[in-house]
Amino acid sequence: MTHAVSADRVDALWSAVVAGDEYAAAGIVFAALDGGIPAEDVLLDVVAPVQAKVGLEWAANRISVAQEHAATAINDRVIAAMAHHPVARVEPRLGRVIVACIDGEWHALPARLLAEVLRLRGWRVDFLGAKVPVQHLISHLHLTGPDAVALSSSIATRLPTAHATITACQAAGVPVLAGGAAFGVDGRYARLLGANAWSPDARGAADLLADGLPQLTAEAHQPIDDLPHLADQEYTMVARTARSLVKQTMADLAERLPVMREYTSQQLDRTGEDIAHIVDFLATALYTDSLELFTGFLRWTSEILAARGVSGRFLLPTLDVLAVQLKDFTRASRFIKEACDDLGRALDEA
C-alpha cells in the first residue's frame, strides 16, 4: 500500500460494498482521486484489497455468495466510473493489448483491474471480459493485430483450456502474458504451458509489457510438446468420463455412508458439486502432472467445509471410492493415494 493510501480508505470502501451502498463506494474512490492519489494506486491499493477481502470473507463463511456477488458488482461499476474521471483519462501512446479471461473463467475483476492499469499507463486496451471462447479471441487478434494478449484465470481447472488458448494466440503471432491464481503463486503453470511471460500482479504485468515480451519462435508446436506425460491418456480418460465418475462415486458413497440416505436434495446437490470439483481438479493435476495442485485443492476444500461446520474427513471416503474406480490408472492412483495421505495428516494436525 502506498503512503498516500490509508487503511481507513480500504476499510471505508469495504464497509460500503458489503453494505451494498454503491453511491458511498463511488464517493470514496472519487474523493481519493480528487485528493491527488494516483488512479493506479486507487485501483490497486484500495479497490483490489477490498476485492481480495470479499473472497476471503466468503471462504470464511462470514458473507454469503449473494453478498460476494453484490460486492463484486459494486467494485466493477466503481472501476468503470473511475475510468471516466478527468484525472484517469489518458490518451493511448503505446501499442495495443487484448485483455481477456480464459473460456470458462467467470472471475473477471482481476482482468478488469489490469485493463484499467494498462490504459492509465498509455496502452490502447481491448477488454474482452469473462469467459472468452478461443475461436472468438483468435478472430479478434486477426482483426486488431495487438502487440500482446494478457490472459487471466483464477480457477486451476481452466488450465487445459488456458494451454490451448496460449498455443492458439502464439500460432496467430501474438505473445501471451499470463496472470491470475490459476497459474500458481510463482507462475509455474504459466511457464509449464508456454506463456511468454507471467506476472503476479497488475503493476508487474504493466512493467513487463513496457519492457517488451520475449519474441515468439518460428517453430510450430502442439500442446503435447510441452506436456509429454499426456501420452499416457490418463487426463483424457478422466476428463471424458468425469460425469460418470461423479455419478458412480455418489452411489458408492451412499452404500458406505448410511448418513447420506438422510440427506436432503439440497445436501445431495452440494455433495455432487463437491465430488465434481474433486474430479475436475484430479483431471487438471493429471494434465499438469502436478500432485501439489490436487493436494492444495483438497486442503483448501477441507478448510472451506470446516468453516461451514462440516468435517473435511468426509473427503477421505470420496477419495477411496474414486481410487477403486481408477485403479487401472497409474498416475491417477498415485495422486489419489498421496493426496489422501496428505489430507489425513493435515486433518490430524488441525
Side-chain angles (χ1 to χ4, degrees), residues 97-112 114-115 126-142 146 148-185 187-199 205 216 220-243 245-246 273 276-290 292-294 296-297 300 331-332 335:
V97 178
I98 309 299
V99 179
C101 294
I102 298 297
D103 195 3
E105 175 60 69
W106 290 97
H107 300 87
L109 202 70
R112 182 60 179 269
L114 173 62
D126 293 10
F127 175 62
L128 306 189
K131 201 176 179 297
V132 182
V134 177
Q135 65 271 28
H136 295 298
L137 173 60
I138 300 306
S139 295
H140 194 70
L141 300 188
H142 288 303
V149 175
L151 292 178
S152 175
S153 186
S154 300
I155 303 173
T157 52
R158 304 317 303 161
L159 286 175
T161 302
H163 195 194
T165 307
I166 290 169
T167 303
C169 291
Q170 293 170 337
V174 183
V176 176
L177 170 63
F183 293 101
V185 293
R188 67 184 61 183
Y189 302 120
R191 291 188 292 276
L192 180 73
L193 304 183
N196 298 85
W198 166 82
S199 176
L216 295 172
H221 80 287
Q222 299 296 319
I224 199 169
D225 296 334
D226 301 322
L227 306 174
H229 56 267
L230 292 180
D232 67 9
Q233 299 285 309
E234 291 202 15
Y235 160 73
T236 302
M237 294 301 293
V238 171
R240 285 183 178 173
T241 60
R243 183 172 297 182
L245 281 171
V246 173
E273 290 172 359
H277 288 315
I278 291 172
V279 172
D280 285 346
F281 269 85
L282 174 61
T284 307
L286 293 169
Y287 189 88
T288 56
D289 202 29
S290 172
E292 184 181 351
L293 189 151
F294 192 43
F297 167 72
W300 178 83
R331 279 199 302 134
F335 279 18

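- In this structure a side-chain-to-backbone donor-acceptor pair under 3.5 Å is present from E234 to A332.
- Residues A285 and F335 come closest through the heavy atom pair O-CE2, 3.4 Å.
- Remark: the backbone N or O of G129 is not paired with any side-chain donor or acceptor of R112 at under 3.5 angstrom.
- To the nearest 0.5 Å, the span separating CD on E105 from OG1 on T161 amounts to 10.5 Å.
- Under the 4.5 Å side-chain criterion, counting only non-hydrogen atoms from C-beta, H229 is not in contact with Y235.
- A side-chain contact (heavy atoms from CB on, under 4.5 Å) with R158 holds for exactly one of S152, S153, C101; it is S153.
- Here the CZ atom belonging to R188 is positioned 4.5 Å from the CD atom belonging to E292, to the nearest 0.5 angstrom.
- With sequence neighbours excluded, the residues satisfying side-chain contact (heavy atoms from CB on, under 4.5 Å) with A168 are V134, I138.
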Run the side chain to side chain contact (heavy atoms under 4.5 Å, CB included) test on L192 and F183 for me, step by step, so that the C-alpha distance in whole Å, both residues' side-chain angles and the decisive distance to 0.1 Å come before the verdict.
CA-CA 9 Å; L192 180 73; F183 293 101; over 6 Å; no
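- Between A181 and S154, the shortest heavy-atom contact is CB-O, 3.8 Å.
- You'll find the side chain of I166 stays beyond 4.5 Å of the side chain of N196, heavy atoms only.
- Scored by the side-chain contact (heavy atoms from CB on, under 4.5 Å) test, V238 finds L245, V279, A283, L286, L326 as partners (sequence neighbours excluded).
- Residues L128 and H136 are not in side-chain contact: their nearest non-hydrogen atoms beyond the backbone lie 4.5 Å or more apart.
- A heavy-atom distance below 4.5 Å is found between the side chains of L159 and L293.
- Atom CD of residue Q135 and atom CG of residue D103 lie 7.5 Å apart, to the nearest 0.5 angstrom.
- Aromatic ring orientation, F281 versus F297: parallel (interplanar angle below 30°, classes split at 30° and 60°).
- The line from SG of C169 to CG of L141 is 5.0 Å long, rounded to the nearest 0.5 Å.
- Here the side chains of Y287 and L193 are in contact, with some heavy-atom distance below 4.5 Å.
- Side chain of Q170 to main chain of V176: no donor-acceptor pair is present (N/O by atom type, distance under 3.5 Å, no hydrogens or angles).
- Contact of the L227 side chain with the D289 side chain is not registered, since no non-hydrogen atoms from C-beta on lie closer than 4.5 Å.
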